[in-house]
Each structure stands twice: as structure tokens, then as C-alpha cells.
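A short worksheet on the structure shown next.
Keep in mind that the numbers below use all heavy atoms, side chains included, and drop hydrogens, waters and symmetry copies.
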Amino acid sequence: MPASLCRLRFVFMLAILAFATSRAASACSICRCGDPTFNALGSNVYSSGQLHLALDWDRFDKSQATEEGGEAGRDEEVENRYTATLSYSYAERVVGVVRLPYSTRTLTTSFDDGSDEVRTSGFSDPEIYTLVRLWSSDFGPGLGRRAWLSAVLGVKTPRGSNRVRRNGERADEHAQPGTGSTDLFGGLSSIYLVDDHSSIFASAQYRGTGRNAFGYRYGDIATVNLAYERKLTEKLDGVIEANYRSAAPDEVDGAGERDPNTGGKILYLTPRAMFEVSSRVVLRVAAQIPVWKRLHGIQREKANLNAGVTLLF
């Protein structure tokens with residue numbers, strides 16, 4: 001396969017991933033706004049009959065104000081998430097994707113008279129979705145197809161652990177590995193191949209969240225992403241992304257009462273590097289750095305980290 005076509009497909013996958021998720025990513029109090037589909041599946045997403053397997057580690061870190069019995073405090077949340085992503089391409093136009101994440105979380109709640117730490121682990125919510133290529137430019141000499149338009153439609157299932165208990169009681173919602181809700185998401189992405197060394201892509205997605213069995217509902221999320229990719233060496237690609245997220249506040253019960261310290265708008269700058277070990281193995285690393293925010297209440301979003309490997313069969 002020509003190197004230029006490989007790179008183009010790789011960036012196209014990135015664009016799709018930037019809105020498929022996420023979370024990374026799933027809807028949660030510490031989700032990131034770029035998306036894992038590109039990150040996980042690599043370049044040849046629409047190669048008919050091709051199977052991709054990706055293994056990823058993500059670290060999310062944030063804090064927010066909390067209140068208990070009229071006393072003000074702070075929650076510090078740190079999550080390490082390990083995700084297996086499997087995809088298969090049909091007829092070079094449709095791709096089926098399944099993502100299975102496993103989460104370990106540490107929630108530290110601090111008040112003036114001390115702090116309490118809760119550690120939990122378990123499977124997070126699996127996701128199933130489909131990528132469809134809606135349009136592509138004609139295949140031409142040299143650069144091949146210079147532009148694509150794709151759609152994604154999927155569901156996050158409520159099959160993750162959302163009933164983890166500590167000391168005889170259900171752990172705090174933000175300590176649960178899964179959200180316990182069914183979420184629907186969809187969006188569009190496009191890409192343009194500038195030349196045989198660089199590409200530009202953009203994507204947008206909306207995720208509608210459901211309410212879990214305990215009445216909690218994470219806020220709906222809209223994301224917009226823009227990225228530029230360039231071939232740096234024969235084996236190394238570099239990407240710089242801008243990831244924007246707008247999230248509604250969480251609802252803490254069935255009556256719709258909102259948590260004032262959730263939701264808001266944030267913009268990340270994300271440098272990413274991909275190293276091609278072989279034609280079937282790609283190593284990836286990225287850091288998502290918050291550069292602008294207008295969050296509700298008292299919140300602090302910190303840098304998120306990602307590392308992974310993609311295998312092609």
C-alpha cells in the first residue's frame with residue numbers, strides 16, 4: 001500500500017475517533033473531549049476484511065467542589081483506564097467497532113477535619129458503534145482520494161460496574177467504574193489530504209446521556225475537533241489537535257436537581273506521536289492539555305495522558 005494512502009487513512013481514523021467516544025472516551029465526570037477511535041484503530045479503517053485490535057492506557061485527573069451535611073469540601077478524581085478496541089471493515093465503506101474498557105479509580109474527598117479515600121475497579125461501559133463513509137472524492141493519481149465525509153452512530157451500554165460498594169454502602173457516583181446508563185451518540189467527520197506528507201481533518205459529535213438506576217444522569221456532551229497531521233520521518237508521524245467540549249451539568253436525581261460543580265466548556269491542545277514499528281504494529285502516545293475553560297462552579301481539569309499499541313491482522 002502506498003505510504004501516502006496509509007498516512008491519509010491513519011489521520012482519517014483519528015478524525016473519526018475524535019468524535020466517536022471518547023471518552024475516550026464515555027460520558028463521565030472525568031471524560032476527555034478528543035476521541036479514541038482514531039487513536040485506537042490506526043490508518044486502514046476502511047480496508048475491506050481487515051481486523052484491528054488496539055490496547056490503550058488513559059489517565060484522567062480532575063477535581064471539583066463538593067458538599068456534605070452543609071460542609072464544603074473537595075473531590076479529587078484520578079482514573080486509569082485500560083481499553084481493548086476491536087474493529088472490522090466491510091466493503092471499504094462500513095466499519096463495526098466494539099470497545100471494552102476496564103477502570104481503576106481513586107476518589108479522595110477532603111474537608112477541613114480530614115479526608116477519605118475510596119479506591120474502586122471494574123469493567124466500565126462497553127461501546128458499540130458503526131462508521132459509514134458517506135462520500136469520497138474520486139480516486140486520482142499520486143494522492144489517491146483526497147477527501148472523505150463519514151458518519152458515526154453508536155451506543156454506550158449500561159453493562160459496566162455501577163453498584164460497587166465500600167464499607168457496606170454504594171460508593172460515590174464518581175467512584176463507580178461505569179455510569180450505569182445507556183447513551184446514544186452520533187456525528188460527522190471529514191478529511192482533506194494536503195499533500196503526500198500532511199492532512200487536515202475536522203469532526204463533530206453529540207452524545208445524549210441516559211439516567212442510571214440510582215437517578216444520576218451525566219450531562220449531554222457536544223465535541224468539536226480540528227487536527228493537522230504531518231509525516232516527520234519514514235516511521236514517525238506527528239499530530240497537533242484542538243479538542244473542544246461543551247457539557248451540560250449532571251443531574252443527581254430523578255427530579256432533575258443539578259450538581260452546580262459539573263459541566264461547562266473546555267478547549268484542549270493535544271500533541272500526538274505515532275511510531276510505525278512494522279506494517280502491522282503502531283505505537284502511540286499523546287497528552288491532552290487544557291488551554292481554555294469556562295466550567296460551572298468550582299472545577300479543575302488537568303492534563304490527560306494516553307499510550308497504546310495498534311495491531312493489524
Nearest heavy-atom neighbours spanning [X] and [Y]:
| X | Y | result |
| --- | --- | --- |
| Tyr206 | Ala222 | CD1-CB, 4.0 Å |
| Leu226 | Ala202 | CD1-CB, 4.1 Å |
| Thr270 | Gln288 | OG1-CG, 3.2 Å |
| Val118 | Ala175 | CG1-CB, 4.4 Å |
| Ser279 | Leu312 | O-CD2, 4.2 Å |
| Arg159 | Pro126 | CB-CD, 3.8 Å |

Under 4.5 Å between side-chain heavy atoms, hopping through other hydrophobics if needed: is there a path connecting [X] to [Y]?
| X | Y | value |
| --- | --- | --- |
| Leu53 | Tyr90 | yes |
| Val155 | Val97 | no |
| Leu153 | Val94 | no |

Using the test side-chain contact (heavy atoms from CB on, under 4.5 Å), find all partners of [X] that sit at least two apart in sequence or belong to another chain.
| X | value |
| --- | --- |
| Ile240 | Tyr228, Leu269, Pro271 |
| Ala72 | none |
| Pro177 | Ser103, Thr120, Ser161, Val164 |
| Val281 | Val277, Ser278, Val309, Leu311 |

Output all residues satisfying side chain to side chain donor-acceptor pair (under 3.5 Å) with Asp253, sequence neighbours left out; order by chain, then residue number.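 For Asp253 there are no side chain to side chain donor-acceptor pair (under 3.5 Å) partners, ignoring immediate neighbours.
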Can you name the side chain to side chain donor-acceptor pair (under 3.5 Å) partners of Arg258, sequence neighbours left out?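 Partners of Arg258 under the side chain to side chain donor-acceptor pair (under 3.5 Å) test: none.
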Distance check, rounded to the nearest 0.5 Å: [X] atom [atom1] versus [Y] atom [atom2]?
| X | Y | atom1 | atom2 | value |
| --- | --- | --- | --- | --- |
| Leu134 | Leu188 | CG | CG | 6.5 Å |
| Glu251 | Asp220 | CD | CG | 8.5 Å |
| Asn304 | Asp61 | CG | CG | 8.0 Å |
| Leu86 | Ile128 | CG | CD1 | 11.5 Å |
| Leu131 | Ser189 | CG | OG | 8.0 Å |
| Trp135 | Arg93 | CH2 | CZ | 11.5 Å |

Where the side chain of [X] meets the backbone of [Y], is there a donor-acceptor pair that is under 3.5 Å apart?
| X | Y | result |
| --- | --- | --- |
| Asn261 | Gln64 | no |
| Glu169 | Arg166 | no |
| Ser137 | Ala147 | yes |
| Asn212 | Ser181 | no |
| Arg217 | Thr209 | yes |
| Asp125 | Thr179 | yes |

Please confirm whether Phe185 and Tyr129 have ring centers closer than 6.0 angstrom.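 Judged by ring-centre distance (under 6.0 Å), Phe185 and Tyr129 do meet the cut-off.
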Is any side-chain heavy atom of [Y] closer than 4.5 Å to one of [X]?
| X | Y | answer |
| --- | --- | --- |
| Ile221 | Arg245 | yes |
| Asn80 | Trp57 | yes |
| Leu107 | Thr109 | yes |
| Leu55 | Tyr82 | no |
| Pro249 | Asp259 | no |
| Lys62 | Gln299 | yes |
| Tyr192 | Trp148 | no |

Can you name the ring pair (Phe, Tyr, Trp, His ring centres under 6.0 Å) partners of Tyr102, sequence neighbours left out?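 Partners of Tyr102 under the ring pair (Phe, Tyr, Trp, His ring centres under 6.0 Å) test: Phe123.
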Report the residues that fulfil salt bridge (charged side-chain N to carboxylate O under 4.0 Å, His left out) with [X], sequence neighbours left out, ordered by chain and then residue number.
| X | result |
| --- | --- |
| Glu276 | none |
| Lys235 | none |
| Glu117 | Arg119 |

Side chains of [X] and [Y]: do they bring a donor and an acceptor to under 3.5 Å?
| X | Y | result |
| --- | --- | --- |
| Glu301 | Tyr268 | yes |
| Asn306 | Asp56 | yes |
| Tyr216 | Asp250 | yes |

Option from Arg272, Lys231, Arg284 for which side-chain hydrogen bond (donor to acceptor under 3.5 Å, both in side chains) with Asp237 holds: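 So the option named by the test is Lys231.
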Given Lys265 and Trp292, is the side chain to side chain contact (heavy atoms under 4.5 Å, CB included) satisfied, shown in steps? CA-CA 8 Å; Lys265 300 175 176 62; Trp292 175 88; 3.9 Å; yes
Short N-O contact, Arg207 and Glu127, less than 4.0 angstrom: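 A salt bridge is present here (some side-chain N lies under 4.0 Å from a carboxylate O).
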Carboxylate-amine/guanidinium contact Arg105 Glu79, below 4.0 Å: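 Looking at Glu79 together with Arg105, the answer is yes, because their closest N to O distance falls below 4.0 Å.
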Take Glu76 and Arg300 through the test side chain to side chain contact (heavy atoms under 4.5 Å, CB included) and record every step on the way to the result. CA-CA 9 Å; Glu76 176 77 25; Arg300 184 184 178 191; over 6 Å; no
side-chain contact (heavy atoms from CB on, under 4.5 Å) partner of Met274, the single match among Leu283, Val239, Leu232, Val285: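 Single side-chain contact (heavy atoms from CB on, under 4.5 Å) partner of Met274 among Leu283, Val239, Leu232, Val285: Val239.
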Other residues, nucleotides, ligands: >12 heavy atoms within 6.0 Å of Asn167 CG: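 No - once you tally the heavy atoms of other residues, nucleotides and ligands closer than 6.0 Å, there are 12 at most.
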May I have all residue pairs that pass salt bridge (charged side-chain N to carboxylate O under 4.0 Å, His left out) and include part of residues 171-181, sequence neighbours excluded?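 As it turns out, the salt bridge (charged side-chain N to carboxylate O under 4.0 Å, His left out) pairs with a partner in residues 171-181, which skip direct neighbours, are Arg170-Glu173.
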Does anything in residues 66-75 form a salt bridge (charged side-chain N to carboxylate O under 4.0 Å, His left out)? List the pairs, not counting sequence neighbours.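 Listed once each, the pairs would be none.
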